[in-house]
Amino acid sequence: VQVLAADIGESRYNGLNIGVQKRFSHGLQYQANYTYSKFIDNEVSRNELAAYPGTSTYTDYYHPQNRFGLSGNDVRNRLIVNVLYDLPFGRGKLVDVQSPWLNEVVNGWTIAGLSEIHSGTALSVIDATDNTGTYADGVRPNLTGKPNDLSNSRSRSEKINEWFDTSAFTQNPQFTFGNAPRTFGRGPRLVTTDASLIKKVSLNEAGALELRVEALNVFNHANLGNPGTTFGSPNFGVISTLQSGSVASRTLQLAAHFTF
């Protein structure tokens with residue numbers, strides 16, 4: 001028998017969800033959904049957006065409440081919008097085209113898009129040096145300053161090289177637990193948009209061909225990953241990756257769908 005995860009930990013989630021939807025009519029449909037939420041826990045799950053460093057055990061088993069903080073899956077604000085629109089060109093449409101040949105060219109075009117914007121996940125610091133003398137996992141340094149006080153007007157390169165004020169953390173003395181909380185500040189947000197251009201071609205009364213051009217991350221926006229949060233590491237405070245699961249650069253793909 002293998003234990004995949006210990007049966008420990010607590011979590012609390014509260015959220016507000018607001019949605020707007022227009023069902024397909026007159027060639028247009030769209031949907032927008034916004035979620036405001038707060039998710040806290042004192043243990044990490046097997047899969048988390050934040051990818052907190054450390055392990056899934058308590059640093060101080062006598063005071064597990066000290067591990068409470070924002071979950072690695074806490075996304076405070078999330079907005080998702082999708083839209084589909086049949087272009088109004090062709091016979092019998094807003095821009096009426098009588099020529100059979102021209103109608104074959106301009107009729108049957110559809111554009112679609114999907115956008116997501118969400119706030120960054122919380123950050124969690126651990127210490128590369130264990131001064132507790134307890135051989136505990138996920139030990140933390142002392143918090144002696146304000147790590148989130150760096151100016152938002154800094155250049156992109158400055159933010160990448162020092163996302164938060166690394167001088168706000170100091171080494172805890174020997175045989176003590178660091179007083180840094182489990183979480184502080186947030187990493188970069190995610191902004192991404194996918195788009196599609198679709199052409200439907202009627203072959204006969206029973207068959208049709210659908211040609212698609214799809215662009216993932218159509219605006220070629222790089223979504224930065226979280227900075228390093230291991231105190232004592234050369235990469236402490238430095239962003240060196242992109243967000244997991246995001247499309248690194250614009251990706252184009254072609255597809256054909258035949259229906260009969």
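For the single chain, residues carry numbers from 1 onward in sequence order.
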Atom pairs and distances, side-chain donor-acceptor, residues 10-17, under 3.5 Å, sequence neighbours left out:
unit_1 : atom_1 : unit_2 : atom_2 : d
Asn17  : OD1    : Asn33  : ND2    : 3.1
Asn17  : ND2    : Asn33  : OD1    : 2.9
Asn17  : ND2    : Thr35  : OG1    : 2.9

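- Of all heavy-atom pairs between Glu158 and Ser155, the closest is OE1-N, 2.9 Å.
- With sequence neighbours left out, the side-chain contact (heavy atoms from CB on, under 4.5 Å) criterion links Ser151 to Ser153, Arg154.
- For the pair Thr129/Phe231, no side-chain contact is recorded, criterion being any heavy-atom separation below 4.5 Å from C-beta on.
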May I have the list of side-chain donor-acceptor pairs in residues 216-226 shorter than 3.5 Å, sequence neighbours left out?
unit_1 : atom_1 : unit_2 : atom_2 : d
Asn217 : OD1    : Asn220 : N      : 3.4
Asn217 : OD1    : His221 : N      : 3.0
Asn217 : ND2    : His221 : O      : 3.0
Asn217 : ND2    : Val247 : O      : 3.1
Asn220 : OD1    : Arg250 : N      : 2.8
Asn223 : OD1    : Val191 : N      : 2.8
Asn223 : ND2    : Val191 : O      : 3.2
Asn226 : ND2    : Thr121 : OG1    : 3.0

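- Under a cut-off of 6.0 angstrom, the local environment of OH in Tyr36 is sparse, with at most 12 non-hydrogen atoms contributed by other residues, nucleotides or ligands.
- Residues meeting the side-chain contact (heavy atoms from CB on, under 4.5 Å) test with Pro173, sequence neighbours left out: Asn142, Thr176.
- In this structure the side chain of Ser124 reaches within 4.5 angstrom of the side chain of Arg140, judged on heavy atoms.
- In this structure, the side chains of Phe164 and Phe169 come closer than 4.5 Å at one or more pairs of heavy atoms.
- Among residues two or more places apart in sequence or in another chain, the ring-ring contact (aromatic ring centres under 6.0 Å, His included) test is passed with Phe177 by none.
- Looking only at distances, a side-chain donor or acceptor of Asn103 sits under 3.5 Å from a matching main-chain atom of Arg91.
- Cluster partners of Leu49 are Val75, counting Ile, Leu, Val, Met, Phe, Trp and Tyr whose side-chain heavy atoms approach within less than 4.5 Å, directly or via other members.
- Judged as a side-chain hydrogen bond (donor to acceptor under 3.5 Å, both in side chains), and not counting sequence neighbours, the contacts of Gln98 are Asp96.
- Residue Leu211 shares its hydrophobic cluster (ILVMFWY side chains chained together at separations under 4.5 Å) with Val201, Leu203, Leu209, Phe258, Phe260.
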Output a table of donor-acceptor pairs, distance under 3.5 Å, between side-chain atoms of residues 77-88 and any protein atom two or more places apart or on a different chain; print 'none' if there are none.
unit_1 : atom_1 : unit_2 : atom_2 : d
Asn77  : OD1    : Tyr34  : OH     : 2.5
Arg78  : NH1    : Glu116 : OE2    : 2.5
Asp86  : OD1    : Thr110 : OG1    : 2.6

Test log, rule side-chain contact (heavy atoms from CB on, under 4.5 Å), inputs Asp165 and Asp149 | CA-CA 7 Å; Asp165 187 356; Asp149 269 6; 5.7 Å; no
Exercise answer: donor-acceptor pairs, residues 178-186 side-chain atoms, under 3.5 Å, sequence neighbours excluded:
unit_1 : atom_1 : unit_2 : atom_2 : d
Asn179 : OD1    : Leu143 : N      : 2.6
Arg182 : NH1    : Asp41  : O      : 2.5
Arg182 : NH1    : Asp41  : OD1    : 2.6
Arg182 : NH2    : Asp41  : OD1    : 3.2
Thr183 : OG1    : Leu70  : N      : 3.3
Arg186 : NH1    : Asp74  : OD2    : 3.3
Arg186 : NH1    : Gly120 : O      : 2.7
Arg186 : NH2    : Asp74  : OD2    : 2.4

Asp130 and Thr132: CA distance, side-chain angles, deciding distance, side-chain hydrogen bond (donor to acceptor under 3.5 Å, both in side chains) verdict = CA-CA 6 Å; Asp130 183 1; Thr132 66; 2.5 Å; yes
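- Side-chain contact check for Asn235 and Ser233: no donor-acceptor pair (N or O, by modelled atom type) lies under 3.5 Å.
- Leu150 shares a hydrophobic cluster with no other residue; no ILVMFWY side chain has heavy atoms under 4.5 Å from its own.
- The pair Glu210-Arg212 meets the salt-bridge criterion, since a charged nitrogen lies less than 4.0 angstrom from a carboxylate oxygen.
- With a 4.5 Å cut-off on side-chain heavy atoms, Pro141 and Asp127 count as touching.
- Under the 4.5 Å side-chain heavy-atom criterion for ILVMFWY residues, a single connected hydrophobic cluster contains both Val106 and Leu28.
- The shortest side-chain heavy-atom distance between Lys38 and Arg76 falls under the 4.5 Å cut-off.
- Across Arg189 and His118, no two heavy atoms sit closer than the pair CB-O, 3.2 Å.
- Heavy atoms from other residues, nucleotides or ligands lying under 6.0 Å from NZ of Lys159 number more than 12.
- Counting only N and O atoms by type, the side chains of Lys93 and Asn107 include a donor and acceptor under 3.5 Å apart.
- The shortest side-chain heavy-atom distance between Val20 and Gln31 does not fall under the 4.5 Å cut-off.
- In this structure, the separation between CG on Leu190 and OG on Ser119 is 10.0 Å, given to the nearest 0.5 Å.
- Hydrophobic clustering (side-chain heavy atoms under 4.5 Å, transitive across Ile, Leu, Val, Met, Phe, Trp, Tyr) groups Ile239 together with Val125.
- Phe39 and Leu123 sit in two unconnected hydrophobic clusters of ILVMFWY residues. Membership requires side-chain heavy atoms under 4.5 Å apart, directly or through other members.
- The two residues Gly133 and Phe175 have their closest heavy-atom pair at CA-CD2, 4.3 Å.
- Listed by chain and number, the residues in a side-chain contact (heavy atoms from CB on, under 4.5 Å) with Ser99 are Trp101, Leu102 (sequence neighbours excluded).
- Side-chain heavy atoms closer than 4.5 Å link hydrophobic residues (I, L, V, M, F, W, Y) into clusters, and following such links, even through other members, never connects Ile111 to Leu252.
- Heavy atoms only, all atoms of each residue included: Ala122 and Ala50 are closest at O-CB, 3.8 Å.
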In sequence, state the C-alpha distance, the side-chain angles, and the governing distance for Gln171 and Asn131, and then conclude on side-chain contact (heavy atoms from CB on, under 4.5 Å).
-> CA-CA 8 Å; Gln171 187 67 63; Asn131 273 355; 3.3 Å; yes
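- Within the 3.5 Å criterion, the main-chain N or O of Ser249 finds a donor-acceptor partner in the side chain of Thr251.
- Following chains of ILVMFWY side-chain contacts shorter than 4.5 Å, one can reach Phe89 starting from Val105, so the two form part of one hydrophobic cluster.
- Taking a 6.0 Å sphere around NZ of Lys146, one finds it holds 12 or fewer heavy atoms contributed by other residues, nucleotides or ligands.
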